[in-house]
Q: 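First the structure, then my questions, so here it is.
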Amino acid sequence: MDRYEPLKIEEKWQKIWEETEAFSAKEIDGMPKMMLAEMFPYPSGAGLHVGHVRNFTIVDVLTRFYRQQGLNVLRPFGYDTFGLPAENYAIKTGTAPQEITKVNIDNFRKQAKKLGFAIDWSREVNTSDPEYYKWTQWCFLQLYKKGLAYQKESYQWWCPEDQTVLANEQVENGKCWRCGHEVEKKKMKQWFFKITEYADELLDEIDNLEWPEKIKTMQKNWIGRSAGAEIDFKADNGKNITVFTTRPDTIKGATFIVLAPEYQGLDFIVTDDCKDAVMKYKADALKKSEVERQENKEKTGVFTGSYAVNPATKEKIPIWVADYVLAGYGTGAIMAVPAMDDRDREFAEKFDLPIVETELVDRDLYGTPKVTYKMRDWLISRQRYWGCPIPIAYDKEGNPHPIPEDQLPVIIPEVEDYQPDNSGRSALAKAKDWLKVTIDGEEMTRETDTLDGYACSSWYLWRYASPHDNKAAWDSEAIKYWEPVDYYVGADHAVAHLLYIRFWCKFFADQGYLPFREPIKRLLYNGYINAPDGKKMSKSKGNVIDPLDVINDGYGADTLRTYEMFIGPYDMDAAWDPRSVGGVYRFLNRCYNLLGDIKEVDNIIIRNKTIKKVTEDIHKYNFNTAVAALMEYVNELYKVGASSEDLVTLAKLLKPFAPHLASEMLEKLDADDEWPKWDEKYLVSDTVTVVVQINGKLRAKLEVSADDLEDEKKIMDMVLSDRKVQKYTEDGIKKQIFVKKAKLVNLVV
RNA sequence: GGCCGGAUGGCGGAAUUGGUAUACGCGUUCGACUUAAAAUCGAAUGGAGCAAUCCGUACGGGUUCAAGUCCCGUUCCGGCUACCA
């Protein structure tokens, strides 16, 4: 018998899978389908890391598991290629992003193939391929036609380092998510998607999804729906101030009003006496960076000099301005109820404003019911070169016009210099010829903003259904067969991407393009893999484990895959342990070596037990304990010997984790890979162990026949006549408990 | 500050959902094979104790015949969120 040589075996099977196009999927009428995908990667120059491997292997285990069960399985793959790293690289080196992207994709593909993933390679999708982004632009135009893509002048987060606008979720602690530079507010005309139109549906349908509760909660909080009321307060000068509150029932305790510094109409409220102070406060507030606002929570504010009437108490209450009230939420004005609200109380105490205990009134008495959301519309324009061009052009008056669909794609022009200028325009503005476009005989100028990368990834799962379709973004028949996606696996984008794709799904369903309203049935959110020291892997710390090194060191892809499934619960972070990798390698080695010594033995009980355990564990995504069960099985086979049926079963169960080794074993055993079934009748053994506890502590174990378990009296007789048990029960027994299900007797003495 | 997770041997982690705590792997120790080492195979391995036994799932209480699991309180660690009225 030859020895286990993973690299040799893996090369052999990868070649076979490639040549036979083993994983290409086709729609087959009447055959149950299963579609799985990972969140497609950004192909960085560094290649695959161990986190990708964990993510992709989870998908692969499920893919192969369901294939072996006879389902028609689609497992595609793609690349999320627009983005800043490629553009920054271009700025630095002058290399076109198109070129470096191609190099990186080729590298990623090569590496993914070395891992033996059951991918349908004919369905690769790449967001920066004009054949792809043509349809991203088409999607934009559909949203534009329905008024859900619109322009608005507003203050936006601006990163002075990357020279681009950022979306709310791309600002972390007041800093740019990519370069860490402090962001500032800049007033610009920007494109938005009207995601708020779907706020209610996005929220209400969350509970129907088989997604981790954590993610569902985060999305709910992000949408942030609160039901309350708008209430009008009449000011001295006759002006109305409408406040939003979730507690209209506490209105009798409202002892002052607070306006946001940016409140529209503030000028009309402020008295002449207070004008200077208020204007100075407002100017200071606008200057304050977000970091300062977050770090300093000490309440500040100024009195406007005006009063308004509380409609419930008819009392005159002062109107203040303070930056703890946000202009962008509700009406930018609140009624302060310091007796009920901690922030209002803090403010009242600091500025010596009255705090009045309040009795509650009927919620609808003084206001009109109103629902507000924390979620804002999705800012999608980016002043970057390496993104999908927004298919819009402007006429001489500056009015936007959609590029006609038959002129798509709007291709990214080649430029000499990728550096954006500080006018807030991308390097696209430098492509003078490209800028000119004729629509309906009229000369126009193209939009130079590109789309947020999240727009490109908001529909790629549908492209997988018909990736080469040149008549439509997706084929309606293909998508009806394959989608929605059954399993989507990732470790990031809890809110952004996973909310945007739901939004687009609902929109395109409304336009009749999709036959479902939720794109992802089940979501698995896997944990990160950290360095052996428990810290995040990073190049600068020099603690990065390269998965390709693990393979090439001689362990092979099967060990790497199986180890990453064995490392711990898939949804928890885990630390890499190089020695445990060796343990998994030993296990696979032991599997292979069993082939050399096939015996005439009957292990039907443990075999059935293992089939059941592995099958159920995979259904529950307990991949780590599934591998442990296989290890136990192998340990047992080493003790008692393995029949060829044992080895066939072992190889079939092992295949989702270690497909090359399992394929090799099955070939040598001349067997197919059909997923084995267990029979419950082999799981009930003739004898069972009855545990005897005295006062809840384990004191004895009795072997009894399984039939006796039905006869409580017989069991108790056996227990009570046991010599060891009698030692504890000399002073009599107060209570006897027999638990058949647990095969357990507890005696209270 | 708010919400959500965690805390189990020397280490990573199991535990049928209230019923034999520590499966599986790593590490360690011993043995077999070998001239030797590696590899491989086998055995042992929570702590204390000669023992019978006692103590053990972050800490303090509670419920129960029985608690890692349920309840109350505390500490520490991680994630998200951050003045959202």
Side-chain angles (χ1 to χ4, degrees), chain A residues 3 172-173 212-218 220-222 224-226 228 243-248 250 254 258 260 290 293-294 296-299 322-337 340-344 346-347 372-376 494-495 527-528 532 534 563 566-569 571-584 586-587 589-590 593 613 616 622 624-635 638-639 689-701 727 733-749:
Chain A
R3 57 191 188 87
E172 294 166 351
N173 288 321
E213 286 305 318
K214 185 176 77 171
I215 309 296
K216 296 207 256 185
T217 308
M218 283 168 71
K220 283 182 194 171
N221 293 342
W222 184 262
R225 178 167 70 192
S226 32
V243 306
F244 173 73
T245 177
T246 53
R247 296 295 306 273
T250 65
V258 187
E290 196 69 5
R293 273 211 200 188
Q294 276 168 359
N296 185 10
K297 295 233 174 111
E298 180 76 11
K299 294 278 177 297
D323 67 358
Y324 82 94
V325 174
L326 308 175
Y329 183 75
T331 60
I334 63 158
M335 62 174 207
V337 185
M340 297 295 288
D341 184 282
D342 292 342
R343 297 151 302 186
D344 294 345
E346 206 188 309
F347 192 80
T372 59
Y373 305 86
K374 286 190 206 173
M375 185 169 68
R376 310 291 148 81
V495 174
Y528 289 111
Y563 169 66
F566 184 62
I567 196 167
D571 54 351
M572 303 269 271
D573 290 352
W576 187 268
D577 178 4
R579 290 191 296 210
S580 286
V581 178
V584 171
R586 275 191 283 282
F587 159 63
N589 214 347
R590 279 157 73 82
N593 288 337
K613 172 80 175 150
E616 291 183 347
N622 293 336
N624 55 330
T625 52
V627 174
L630 290 169
M631 287 172 167
E632 262 182 278
Y633 185 34
V634 167
N635 290 346
Y638 266 73
K639 283 191 192 117
T689 306
V690 171
V691 170
V692 185
Q693 295 180 337
I694 314 288
N695 291 340
K697 282 188 177 146
L698 173 69
R699 294 301 182 189
K701 290 181 187 180
K727 230 174 61 185
I733 299 166
K734 288 191 195 125
K735 196 170 178 182
Q736 307 178 359
I737 291 127
F738 173 64
V739 189
K740 194 168 88 181
K741 198 185 107 213
K743 289 169 270 178
L744 174 143
V745 171
N746 193 12
L747 304 174
V748 185
V749 297

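In what follows, every chain begins at residue 1, and chains take the letters A, B, ... in the order their sequences are listed. Here the structure is a predicted model, which means the values were calculated and not measured. Heavy-atom basis, side chains included; hydrogens, waters and symmetry copies ignored.
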Q: Taking for each residue the nucleotide of RNA chain B bearing the nearest heavy atom, is the 5' side occupied by A:Tyr638 or by A:Val495?
A: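 First, find each residue's nearest nucleotide; the 5'-ward one identifies A:Tyr638.
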Q: Have a look at A:Asn624 and say if it touches a base, only the backbone sugar-phosphate, or nothing, with a 4.0 Å heavy-atom cut-off.
A: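 The residue A:Asn624 makes sugar-phosphate contact but no base contact.
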Q: Would you mind reading off the distance between A:Leu747 atom CG and B:G19 atom C1', rounded to a whole angstrom?
A: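 Taking atom C1' of B:G19 as the reference, CG of A:Leu747 is at 14 Å.
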Q: When you match A:Val748 and A:Val691 each to their closest nucleotide on RNA chain B, which lands nearer the 5' end?
A: A:Val691
Q: In terms of side-chain heavy atoms of A:Tyr324, which of B:C83, B:C24, B:G19 is nearest?
A: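 The closest nucleotide is B:C83.
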Q: How far does the C1' atom of B:G46 sit from the matching atom of B:A23, given to the nearest Å?
A: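 Going atom to atom, C1' in each nucleotide, I get 15 Å.
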Q: Write out the stems for RNA chain B, ordered by first number and formatted as range with range, counting runs of at least 3 consecutive Watson-Crick or G-U wobble pairs under 3.5 Å.
A: B:1-7 with B:75-81, B:10-12 with B:24-26, B:27-32 with B:40-45, B:46-48 with B:53-55, B:58-62 with B:70-74
Q: Given B:U28, is OP1 or OP2 found less than 4.0 Å from the side-chain N or O atoms of A:Arg579?
A: no
Q: Please determine whether a side-chain nitrogen or oxygen atom of A:Lys701 lies at a distance below 4.0 Å from atom OP1 or OP2 of B:U20.
A: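 It does not, given that no N or O in the side chain of A:Lys701 lies less than 4.0 Å from OP1 or OP2 of B:U20.
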Q: Send over the distance from A:Arg590 CZ to B:A39 C1', rounded to a whole Å.
A: 13 Å
Q: With sugar-phosphate meaning primed atoms plus P, OP1 and OP2, does A:Ile567 contact a base, only sugar-phosphate, or nothing at under 4.0 Å between heavy atoms?
A: sugar-phosphate
Q: Mind telling me if B:U34 is syn or anti? Syn here is a glycosidic angle within 90° of 0.
A: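 You should classify B:U34 as anti.
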Q: Could you state the CD-P distance from A:Glu213 to B:C4, rounded to the nearest angstrom?
A: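 One finds 11 Å between P of B:C4 and CD of A:Glu213, rounded.
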Q: Should the pair A:Tyr324 and A:Phe347 be assigned to parallel (<30°), tilted (30 to 60°) or perpendicular (>60°) ring geometry?
A: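 Judged by the thresholds at 30° and 60°, the geometry between A:Tyr324 and A:Phe347 is tilted.
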Q: Just how far, in rounded Å, is C1' of B:G13 from CG of A:Asp571?
A: 13 Å
Q: Can you tell me, in whole Å, how much space there is between the C1' of B:U20 and that of B:G68?
A: 14 Å
Q: Of the candidate nucleotides B:A85, B:C65, B:G25, which contains the atom at the shortest distance from the side chain of A:Lys735?
A: B:C65
Q: CG of A:Asp341 to CD1 of A:Ile334: how many Å apart, nearest 0.5 Å?
A: 7.0 Å
Q: With a 3.5 Å cut-off and sequence neighbours excluded, list the donor-acceptor pairs that the side chains of residues 740-749 of chain A form with protein atoms.
A:
unit_1: A:Lys740; atom_1: NZ; unit_2: A:Glu710; atom_2: OE1; d: 3.1
unit_1: A:Asn746; atom_1: OD1; unit_2: A:Gly696; atom_2: N; d: 3.0

Q: Any base atoms under 4.0 Å from A:Ser226, or only sugar-phosphate, or nothing? Heavy atoms, all strands.
A: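 Sugar-phosphate, backbone atoms only, no base.
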Q: Output the single nucleotide from B:U20, B:C54, B:C83 whose closest atom is nearest the side chain of A:Arg699.
A: B:C54
Q: Could you please name the option among B:G19, B:A85, B:G25 that lies closest to any side-chain atom of A:Ala742?
A: B:G19
Q: With C1' as the reference atom in both, quote the distance from B:U16 to B:A21 in angstrom, rounded to an integer.
A: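 That atom pair is separated by 14 Å.
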Q: Looking at A:Thr625, does any N or O in its side chain come under 4.0 Å of the phosphate oxygens OP1/OP2 on B:C24?
A: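 So the side-chain polar atoms of A:Thr625 never come under 4.0 Å of the phosphate oxygens OP1 or OP2 of B:C24.
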Q: Which part of the nucleic acid, if any, lies within contact of A:Gln693, taking any heavy atom under 4.0 Å across all strands shown: a base, the sugar-phosphate backbone alone, or nothing?
A: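 It contacts base atoms.
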Q: Among B:A85, B:G19, B:G25, find the nucleotide with the atom closest to the side chain of A:Asn746.
A: B:G19
Q: Please report the distance separating the P of B:C4 from the corresponding atom of B:C50, rounded so that it comes out in whole Å.
A: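 One P to the other, the span is 50 Å.
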Q: For A:Asn635 and B:G25, is the shortest distance between a side-chain N/O and OP1 or OP2 below 4.0 Å?
A: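 For B:G25, OP1/OP2 do have a side-chain N/O of A:Asn635 under 4.0 Å.
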Q: So, does A:Arg586 get its side chain near the phosphate of B:C26, meaning an N or O under 4.0 Å from OP1 or OP2?
A: yes
Q: Quick one: pull up CG in A:Asp344 and NZ in A:Lys299 and give me the separation to the nearest 0.5 Å.
A: 8.5 Å
Q: Within the structure, does a side-chain N or O atom of A:Lys697 lie under 4.0 Å from either OP1 or OP2 of B:C55?
A: yes
Q: Side chains of A:Arg3 and A:Asn589 only: does a donor on one sit below 3.5 Å from an acceptor on the other?
A: no
Q: The side chain of A:Ser580 is closest to which nucleotide in this list: B:A85, B:G25, B:A43?
A: B:G25
Q: Name the closest nucleotide to the A:Ala628 side chain, picking from B:A85, B:A14, B:C24.
A: B:C24
Q: Please report the distance separating the C1' of B:C70 from the corresponding atom of B:C65, rounded so that it comes out in whole Å.
A: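 To the nearest whole Å, 16 Å.
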Q: Quick one: OH on A:Tyr329 to OG1 on A:Thr331, what's the gap to the nearest 0.5 Å?
A: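 Between atom OH of A:Tyr329 and atom OG1 of A:Thr331 there are 10.5 Å.
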Q: Using a distance-only criterion (donor-acceptor N/O pair, under 3.5 Å, no hydrogens), is the base of B:C80 paired with the side chain of A:Lys214?
A: no
